Number of protein chains: 2
Amino acid sequence: MNKSKKVTIHDIAKRLNVTASTVSRSLNNNPRISDKTKKRVLKMAKELNYKPNSIASALRNGKTQIIGLLVPLIDRAFFSSIVRGVEQVAEGFNYHVIVSQSYENLENEKKALKAFLNTQVDGVLVSISKTTTDISHLQDVVESGIPLILFDRSIPQLQADQVVIDDYQGGYEATTHLIEQGCKRIVHFTTGRDLSIYKERYRGYADALAYHGVALDESLVLSANSQLEDGRKHAENLLKNNIDFDAIFSASDFCALGAMQVLKENGIKIPEEVAIVGFSNEPFTSFTEPSISSVNQYPIEMGKTVANLFFDALNTGKDVLPKKTVIQPKLIIRESSLRNK
Amino acid sequence: MNKSKKVTIHDIAKRLNVTASTVSRSLNNNPRISDKTKKRVLKMAKELNYKPNSIASALRNGKTQIIGLLVPLIDRAFFSSIVRGVEQVAEGFNYHVIVSQSYENLENEKKALKAFLNTQVDGVLVSISKTTTDISHLQDVVESGIPLILFDRSIPQLQADQVVIDDYQGGYEATTHLIEQGCKRIVHFTTGRDLSIYKERYRGYADALAYHGVALDESLVLSANSQLEDGRKHAENLLKNNIDFDAIFSASDFCALGAMQVLKENGIKIPEEVAIVGFSNEPFTSFTEPSISSVNQYPIEMGKTVANLFFDALNTGKDVLPKKTVIQPKLIIRESSLRNK
DNA sequence: TTTTTTTGCTCAATGCATTGCACAACTTAT
DNA sequence: ATAAGTTGTGCAATGCATTGAGCAAAAAAA
C-alpha cells in the first residue's frame, strides 16, 4: 500500500491554523474570505498536493458531474461520433461521460438506465433501442428529476428534450436523387419496428415519389433489421421472384451493402442497372466498390447539440417546455447512384 | 421539481422503530441481524421504494464501483469490441465502465487519466496513444494505489498488469502465409512510433522471411500512421519509384485498404500481382473488393481478460508481481492474399 | 441457579466538503 | 464617542451509509 493518506481540507486548515470552513470557502473563491487568506490556502493546497474529494462534494451538493450516455451500439460510426460530440462539450463544463450500450435490447436499456440513476448521474442522454416499446423506464428518469434528452431515435410523446435529424428530408432527398438518375422502380428497405426515424424516412420516400409522379408500389417496401444479412436476403428474394426494380433506397447502410453484394454476385451492374443509396454515411460506404451514396446525419454536431441541451436544462429548471431540435441531413452522392457522370 | 425527497435508511428505520445501523446491516445481509428483522426491513425498503445512495457508500468505503477505460479511438472496431468485453465482465460484478478516448494524443490521455482519478474510479484500464512517450502520468495512477491494467499497447517497463496479443506471432503468420502464396518481395507497413506492438509485428515479419530464406530488404519497410491516406501515399510512391514488390503486409487494416485502392486504380491485380494482408480484422476488411486478409486479435476476449485482471487485482493486494497475459491472434485468410484457390 | 455464550440490536464516530448562522474585530456614519 | 454597518472567520449541522464497540436479553452450558 502506498496511498499515503489522502489530503483533506482539514489537513490544510490545521497547517494554517484556520478551520476547514475557511479552507473550503477559499478554494471556492467565496467573497467573504480575504484575499490574503485565499492565497495562503491555495499555496498550502498546492504544497500538500491537495485533491478535492469529488465524492464528498457530490454527496453534499448532489451533483456528480457525470452524464450518462446510452446508445444502442457504440461500434456504429454514427453513435461513436455522437459520443465524440458529447464528450467535447462536456469537457468544457468539467463533466464526465459514462457510455453504455443497449445492444438494441430493451432489457439492457432498462438495466443501463437503472445503473445511471444508481450512479446518480446529473443527466441522461439516450437513443432508444429498436426493441423499445414501452417507455416506463424513460418516464422513471424524468420523474427522478434529472434532465433527460433523447436523440436520433426519439419518442414524440415523451416530455423530454429531443434532438433528431430531419429523416423525412433525408428520405425525400435520397429518393429524389434516384428519380433524377432515371429510376422508376425504387425499392425501399425500412425496418419492421415502429421507430419514428424509419417512418419519417419512408414518408420522405413516398412523398418524393408522389411529387415526381412515380407510383408507390408497396411491394417494393421491405422490412429489414439494419444488418448486412437482411440486405442480402432481400436482394436474393427480389432476384428470385423476378421483381422489377432499378434502385434501392435503404434506411441502413449495412442493408444497402448486403444488397449490393448480392446484386454484384449476380452480375448486375451498379449503378447502371440498379442504383443504391444508403443512410448514415458509415465510413465503409466510401471503401466499397462502388462506393455507396448515403445520407450524412452530422453525428458530431448532433452530439454537441444534445450535450448543450443538457447543460441548458441543468441551469433552467425543468418546468420549461421540452425542446425539439431538428438537424438537416445531407445526401452524399457516390458511385453507387451516380449514372450521369 | 418532483423529486419527492430521497428515501434513506433512516426513513426505513423510523418506520420500523429500529436504528439506521440495523437497516444498513439488514440490507447488507449481516449475520448479526435476525431473519425476521431482515425481512421486515426488506419489505419496508421495497414499500418506500428505497434506492441506496451510492455516493454515500462510495464516500464511506472508498469504492465507487466504476472502472475507467481509456482507449485511443472508440470508433475502431478493435477498441469498441474491447469495451464490449470489459462491460460484459464488469456487469457481473456490478461495476460500471467510464469510457474515454485519447484520440491518439498524449495530452488528452493525461487529462482523461486525471479525470478518472478525480472521479475516483476503482481501477484504470488503458491502451496508450501512439504519441505517448513519457509515462509519468501512468506512474501517477500506479502510485495513487488503484489497479492499472494496460492492454494491447503495453509498456513493458511499467509495473502494471498487461494484456497483449502475440504480435510477433501475428506478424510471423501473416508473412509466412504470403511467402506460401509465392511472394518474395513483401512490403511491410509499420509505424514510425516506437510502440512495442508494431516492433513485434515487424520482428515476426523479419523472422518469417529469414526462416524461409527470403532476404529482408529494409527499403520495403515503410512507416505509416494507420490511416487510409498513409497507405495510399506509400502505394503511390512504390509505383512511382518503380519498386519491385509482390505483396504487402500492413500492420494496419486502414493502410492496407489505402494501398489496395491505389493499386487497383493502377490496374494491378490483387492478389495475383500483389497480395495483401492487414492487421486487426476491422469489419470493413470483409466488405471490400477483394476482401482483405487480416489478423484477428480477439478483442472481446482481450476485454474480458483485462477486466478479469482488474477484479483479481482488486481482491489480492497490489504487492503481487505484475502479470502479463498474451493472447494468440489468428490470421483470417480472405481474397486479397489467396492465390491458389 | 449461576455463569458463559450467543443473539440482536443501539450508539456514536467516520468519510469529506459545504453552508447557514453566529460572533468578534474593524470600519464608517452619526 | 456611540451606534450601525462591514469584513473575516469559526461553529456545528448536513448529506447518507457503514462499522467497531457496547449492552441488554435470551439461550446454552456448568
Side-chain angles (χ1 to χ4, degrees), chain A residues 3-42 44-45 48-66 94 117-120 122 144-146, chain B residues 3-42 44-45 48-66 94 117-120 122 144-146:
Chain A
K3 23 181 135 186
S4 44
K5 225 15 107 12
K6 285 256 172 73
V7 179
T8 73
I9 51 172
H10 294 90
D11 299 320
I12 300 176
K14 212 166 284 172
R15 297 283 189 111
L16 297 178
N17 269 319
V18 293
T19 59
S21 323
T22 303
V23 175
S24 172
R25 290 197 174 95
S26 297
L27 295 173
N28 290 318
N29 204 24
N30 185 307
R32 304 293 306 261
I33 302 291
S34 70
D35 284 353
K36 207 177 78 184
T37 307
K38 280 180 188 167
K39 265 179 203 151
R40 290 175 63 219
V41 169
L42 253 51
M44 183 57 75
L48 298 181
N49 191 28
Y50 167 75
K51 303 269 180 241
N53 184 331
S54 57
I55 297 177
S57 329
L59 177 59
R60 188 61 231 258
N61 50 221
K63 291 266 168 283
T64 50
Q65 310 264 107
I66 297 178
N94 231 315
L117 294 183
N118 191 43
T119 309
Q120 295 176 53
D122 294 346
S144 81
I146 64 175
Chain B
K3 20 181 136 185
S4 46
K5 225 13 105 21
K6 285 256 174 73
V7 178
T8 74
I9 52 172
H10 294 91
D11 299 321
I12 300 177
K14 210 165 286 172
R15 297 283 188 112
L16 297 177
N17 268 318
V18 294
T19 60
S21 322
T22 304
V23 175
S24 173
R25 289 199 171 91
S26 297
L27 294 172
N28 291 316
N29 204 24
N30 186 306
R32 304 293 306 260
I33 302 292
S34 68
D35 284 353
K36 206 176 81 185
T37 307
K38 280 181 188 166
K39 263 180 206 151
R40 288 176 62 219
V41 169
L42 254 51
M44 182 59 74
L48 298 181
N49 191 26
Y50 167 76
K51 303 270 178 242
N53 184 331
S54 58
I55 297 177
S57 329
L59 177 60
R60 186 62 232 257
N61 50 221
K63 293 265 168 280
T64 50
Q65 310 264 106
I66 298 179
N94 231 314
L117 294 183
N118 191 44
T119 309
Q120 295 177 55
D122 294 346
S144 80
I146 63 174

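Just so we're clear, the structure is a prediction, and the values are computed from it rather than from any experiment. In what follows, chains are A, B, ... by sequence order, proteins preceding strands, each numbered from 1.
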Legend entry - Value in whole Å for how far the P atom of D/dA17 lies from CG of B/Leu59: 12 Å

Legend entry - Whole-Å gap separating C1' (D/dA17) and CD1 (B/Ile33): 14 Å

Inset, instruction - For A/Leu16 and D/dT9, give me the distance from atom CG to atom C1', rounded to whole Å. - result: 13 Å

Inset, instruction - Just compare C/dC16, D/dT18, C/dG8 and give me whichever is closest to any side-chain atom of B/Ala20. - result: D/dT18

Inset, instruction - Specify the separation, in whole Å, of atom CG of A/Asn29 and atom P of D/dG8. - result: 13 Å

Legend entry - For atom CD1 of A/Ile9 and atom C1' of D/dT14, their distance in whole Å: 13 Å

Legend entry - Touch class at under 4.0 angstrom, heavy-atom based, for A/Ser34 against every strand present: sugar-phosphate

Inset, instruction - Mind calculating the distance between NE2 (B/His10) and C1' (D/dA13) to the nearest angstrom? - result: 14 Å

Inset, instruction - Would you classify A/Asn28 as touching base, sugar-phosphate or nothing, given that sugar-phosphate means primed atoms plus P, OP1 and OP2, and contacts are heavy atoms under 4.0 Å? - result: sugar-phosphate

Inset, instruction - Spell out yes or no: do the side chain of B/Ser24 and the base of D/dC16 have one donor N/O and one acceptor N/O closer than 3.5 Å? - result: no

Inset, instruction - Determine the contact category for A/Ser21: base if any of its heavy atoms lies under 4.0 Å from a base atom, sugar-phosphate if only primed atoms, P, OP1 or OP2 are that close, otherwise nothing. - result: base

Inset, instruction - Over all heavy atoms of both residues, which pair between A/Val7 and A/Leu48 is shortest? Give the atoms and the distance, please. - result: CG2-O, 3.3 Å

Legend entry - Nearest atoms (heavy-atom pairs only) where A/Asp122 meets A/Gly62: OD1-O, 4.0 Å

Inset, instruction - Please report, rounded to the nearest Å, how far the P atom of C/dA25 is from the CZ atom of A/Arg32. - result: 16 Å

Inset, instruction - Determine the sole option in B/Asn30, B/Thr19, B/Ile9, B/Thr37 for which the side chain to side chain contact (heavy atoms under 4.5 Å, CB included) test with B/Arg25 is passed. - result: B/Asn30

Inset, instruction - Send over the distance from B/Asp35 CG to C/dC9 C1', rounded to a whole Å. - result: 15 Å

Inset, instruction - Check every strand shown and say whether B/Asn17 touches a base, only sugar-phosphate, or nothing at a heavy-atom separation below 4.0 Å. - result: sugar-phosphate

Inset, instruction - Remember a base hit wins even if backbone is also touched, and classify A/Asp11 as base, sugar-phosphate or nothing at under 4.0 Å, heavy atoms. - result: nothing

Legend entry - Out of D/dT19, C/dC16, C/dA17, whichever nucleotide has its closest atom nearest the side chain of B/Arg25: D/dT19

Inset, instruction - Determine the contact category for A/Val23: base if any of its heavy atoms lies under 4.0 Å from a base atom, sugar-phosphate if only primed atoms, P, OP1 or OP2 are that close, otherwise nothing. - result: nothing

Inset, instruction - Report yes if a side-chain nitrogen or oxygen of B/Asn61 is closer than 4.0 Å to either non-bridging phosphate oxygen (OP1 or OP2) of C/dG15; otherwise report no. - result: no

